[in-house]
Amino acid sequence: MKHAILGAGAVGGLVGAVLAHEGEDVTLLVRPESKTPRPGTLSLKTPSDTFEAAVRIETKLSDDTDVLWIAVKAYQLIAALHAVPPESKIRTIIPLLNGIDHVELLRARFGQDRVVPATIAVESELIAPGKIVQRSPFARLALSMTGQERLASVADRFRHVGFTCEFQADEKTMLWSKLAFLGPFALTGTASDKDKQGIFADSAWRVRLESAVGEACTVAAADGAAVDREKIIATLAALPATMRSSMQKDVSAGRVPELDAIGGTIIRAGQRYRLDVPVTRELVARIQERLGTLHVASAS
């Protein structure tokens, strides 16, 4: 298949590297005004392997693209879609964004059937243009069952390099399962500036984490998703000791975090169902305060 990657950062680069390594035709879409030099290869270092694969670099989406993977930051989505005309003939669009709200937006633009919601759970990092490191021992890709017939061979490509890859019938549960896991971990880690080990070693921060998981699960259930608080907490406890979220890394590096897509989504959904999420609100406020402090420090 011919794949295009919109947002070839840590996650998009990971996906592109795997697909190209497995023999798929991969193009990275870049902004015409981008000044960052892009190599014609993607290299990926995983816990068990290292490989490099050739890709193309283009500024325009080809009409014969089979699959478009969207892996930009949530706040970059609207601007990034300028590269994808609504009348384009892409057969399948797979968003790998954090949060939930992007699915409705994309389906309104491109139609219900072409958009196949997906989630990915992995710690990956872009260390240089075209160079990605997968730091977590796992990489889990979940895709909506609506794309199974079209994407069965693509799922096999990911499984071949060690991904867990499955199709799920319940899109709402798939999306909320990711958010109820990622949201509390990202918010707690970023507010405290602690890795997973540091959070679990500090009783006050661990209580905040577990309370935030409970709030996210309660909101998810009100929205019609079937999520398991205890299972999520157990999964968090089993994470590698040094694991940190991309939000935490973004804040530490002075980049804009996806605070609204992650924390804001939970808060807004709670408001819709008249459910208070005080710990989530506290964590978001702490991060906003930290962002203000970092901004002042960098400006002085």
Side-chain angles (χ1 to χ4, degrees), residues 74 77 94-108 112 115-122 138 140-148 164-192 196 199-200 203-239 243 245-247 257-287:
L77 179 59
I94 305 176
L96 293 172
L97 284 73
N98 288 321
I100 290 175
D101 299 340
H102 61 275
V103 174
E104 183 177 349
L105 184 153
L106 290 170
R107 282 182 164 158
Q112 180 80 15
V115 178
V116 178
T119 63
I120 189 166
V122 66
F138 58 83
R140 305 185 186 110
L141 179 63
L143 297 152
S144 169
M145 190 72 76
T146 59
Q148 184 170 26
T164 300
C165 187
E166 61 182 17
F167 292 92
Q168 296 189 8
D170 187 339
E171 289 182 359
K172 189 162 283 190
T173 292
M174 178 185 74
L175 293 166
W176 269 109
S177 293
K178 165 78 179 286
L179 185 56
F181 163 83
L182 170 67
F185 180 66
L187 295 173
T188 306
T190 307
S192 65
K196 177 262 176 172
I199 294 169
F200 275 77
S203 59
W205 283 109
R206 179 167 182 167
V207 166
R208 286 189 181 94
L209 172 64
E210 294 182 355
S211 297
V213 171
E215 291 176 356
C217 288
T218 298
V219 172
D223 198 39
V227 290
D228 186 329
R229 176 183 180 274
E230 298 309 316
K231 183 178 179 180
I232 290 174
I233 290 174
T235 302
L236 288 167
L239 290 175
M243 190 162 181
S245 70
S246 58
M247 180 192 288
E258 294 183 286
L259 191 56
D260 182 71
I262 295 174
T265 296
I266 296 169
I267 292 171
R268 286 190 296 274
Q271 290 170 340
R272 282 200 306 273
Y273 298 107
R274 298 183 180 181
L275 295 169
D276 192 17
V277 288
V279 176
T280 303
R281 287 190 287 100
E282 178 206 346
L283 292 171
V284 168
R286 283 176 177 264
I287 294 168

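Heavy atoms only: backbone and side chains are in, while hydrogens, waters and symmetry mates are out.
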Enquirer: Return the minimal non-hydrogen interatomic distance between Leu96 and Ala118, and the atom names on each side.
Expert: CD2-CB, 3.7 Å

Enquirer: Could you pull out every donor-acceptor pair under 3.5 Å between side chains of residues 184-191 and any protein atom, sequence neighbours left out?
Expert:
residue, atom, partner, partner atom, Å
Thr188, OG1, Pro184, O, 2.7
Thr190, OG1, Ala186, O, 2.6
Thr190, OG1, Gln248, N, 3.2

Enquirer: Over all heavy atoms of both residues, which pair between Phe167 and Gln148 is shortest? Give the atoms and the distance, please.
Expert: CE2-CA, 3.5 Å

Enquirer: Test side chain to side chain contact (heavy atoms under 4.5 Å, CB included) on Leu236 and Phe200; report intermediate values, then the result.
Expert: CA-CA 9 Å; Leu236 288 167; Phe200 275 77; 4.1 Å; yes

Enquirer: Within this structure, what is the CG-CD1 distance for the pair Leu275 and Ile266, rounded to the nearest 0.5 Å?
Expert: 12.5 Å

Enquirer: Sequence neighbours left out, what passes side-chain contact (heavy atoms from CB on, under 4.5 Å) with Leu105? Give chain and number order.
Expert: Leu77, Ile78, Leu81

Enquirer: Are Trp176 and Val219 side-chain neighbours, meaning at least one heavy-atom pair lies under 4.5 Å?
Expert: yes

Enquirer: For residues Leu143 and Ile94, determine if any side-chain heavy atom of one lies less than 4.5 Å from a side-chain heavy atom of the other.
Expert: yes

Enquirer: Working note: Leu179 + Asn98, criterion side chain to side chain contact (heavy atoms under 4.5 Å, CB included); need CA distance, chi angles, decisive distance, verdict.
Expert: CA-CA 7 Å; Leu179 185 56; Asn98 288 321; over 6 Å; no

Enquirer: Would you say the side chain of Arg140 lies within less than 4.5 Å of the side chain of Val122, judging by non-hydrogen atoms?
Expert: no

Enquirer: Check the surroundings of atom CZ in Arg274: do more than 12 heavy atoms from other residues, nucleotides or ligands lie under 6.0 Å from it?
Expert: no

Enquirer: Could you state the interatomic distance from SG (Cys165) to CD1 (Ile120), rounded to the nearest 0.5 Å?
Expert: 9.0 Å

Enquirer: How many angstroms lie between OG1 in Thr218 and OH in Tyr273, if you round to the nearest 0.5 Å?
Expert: 13.5 Å

Enquirer: Apply side chain to side chain donor-acceptor pair (under 3.5 Å) to Glu171 and list each qualifying residue two or more places apart in sequence or on a separate chain.
Expert: Arg107, Ser144

Enquirer: Please, which pairs that meet salt bridge (charged side-chain N to carboxylate O under 4.0 Å, His left out) have at least one residue in residues 174-192, sequence neighbours excluded?
Expert: none

Enquirer: Do you know the tightest heavy-atom contact between Met145 and Ala169?
Expert: CB-CA, 3.8 Å

Enquirer: In chain order, what residues pass the salt bridge (charged side-chain N to carboxylate O under 4.0 Å, His left out) check against Arg281, with sequence neighbours excluded?
Expert: Asp276

Enquirer: Specify the closest pair of heavy atoms between Met243 and Leu239, including all atoms of both residues, with the distance to one decimal.
Expert: SD-CD2, 3.8 Å

Enquirer: Quick one: are Ile267 and Thr280 in side-chain contact, heavy atoms under 4.5 Å?
Expert: yes

Enquirer: Identify, with sequence neighbours excluded, every residue that meets salt bridge (charged side-chain N to carboxylate O under 4.0 Å, His left out) alongside Glu210.
Expert: Arg206

Enquirer: Drop me the distance from Phe181's CZ to Ile233's CD1, to the nearest 0.5 angstrom.
Expert: 12.0 Å

Enquirer: Of all heavy-atom pairs between Gln168 and Ala142, which one has the smallest distance, and what is that distance?
Expert: NE2-CB, 3.8 Å

Enquirer: Taking side chain to side chain donor-acceptor pair (under 3.5 Å) as the test, write out the residues that go with Thr173, two or more places apart.
Expert: Asp170

Enquirer: For a side chain to side chain contact (heavy atoms under 4.5 Å, CB included) check, start with the C-alpha distance between Leu283 and Trp205, then their side-chain angles and the critical distance, and finish with the verdict.
Expert: CA-CA 10 Å; Leu283 292 171; Trp205 283 109; 3.8 Å; yes

Enquirer: Starting at CG of Leu106, measure out to CD of Gln112 and round the result to the nearest 0.5 Å.
Expert: 11.5 Å

Enquirer: For Lys172, which residues count as a salt bridge (charged side-chain N to carboxylate O under 4.0 Å, His left out) partner, sequence neighbours excluded?
Expert: Asp223

Enquirer: Once rounded to the nearest 0.5 Å, what's the spacing between atom SG of Cys217 and atom CD1 of Ile232?
Expert: 4.0 Å

Enquirer: Among residues at least two apart in sequence or on other chains, which ones pass side-chain contact (heavy atoms from CB on, under 4.5 Å) with Asp260?
Expert: Arg268

Enquirer: Applying side chain to side chain donor-acceptor pair (under 3.5 Å), can you list everything that pairs with Ser177, at least two apart in sequence or on another chain?
Expert: none

Enquirer: Just to verify, what does Lys196 make a side chain to side chain donor-acceptor pair (under 3.5 Å) with, not counting sequence neighbours?
Expert: none

Enquirer: Just jot down the salt bridge (charged side-chain N to carboxylate O under 4.0 Å, His left out) partners of Glu282, sequence neighbours excluded, or say none.
Expert: Arg208, Arg286

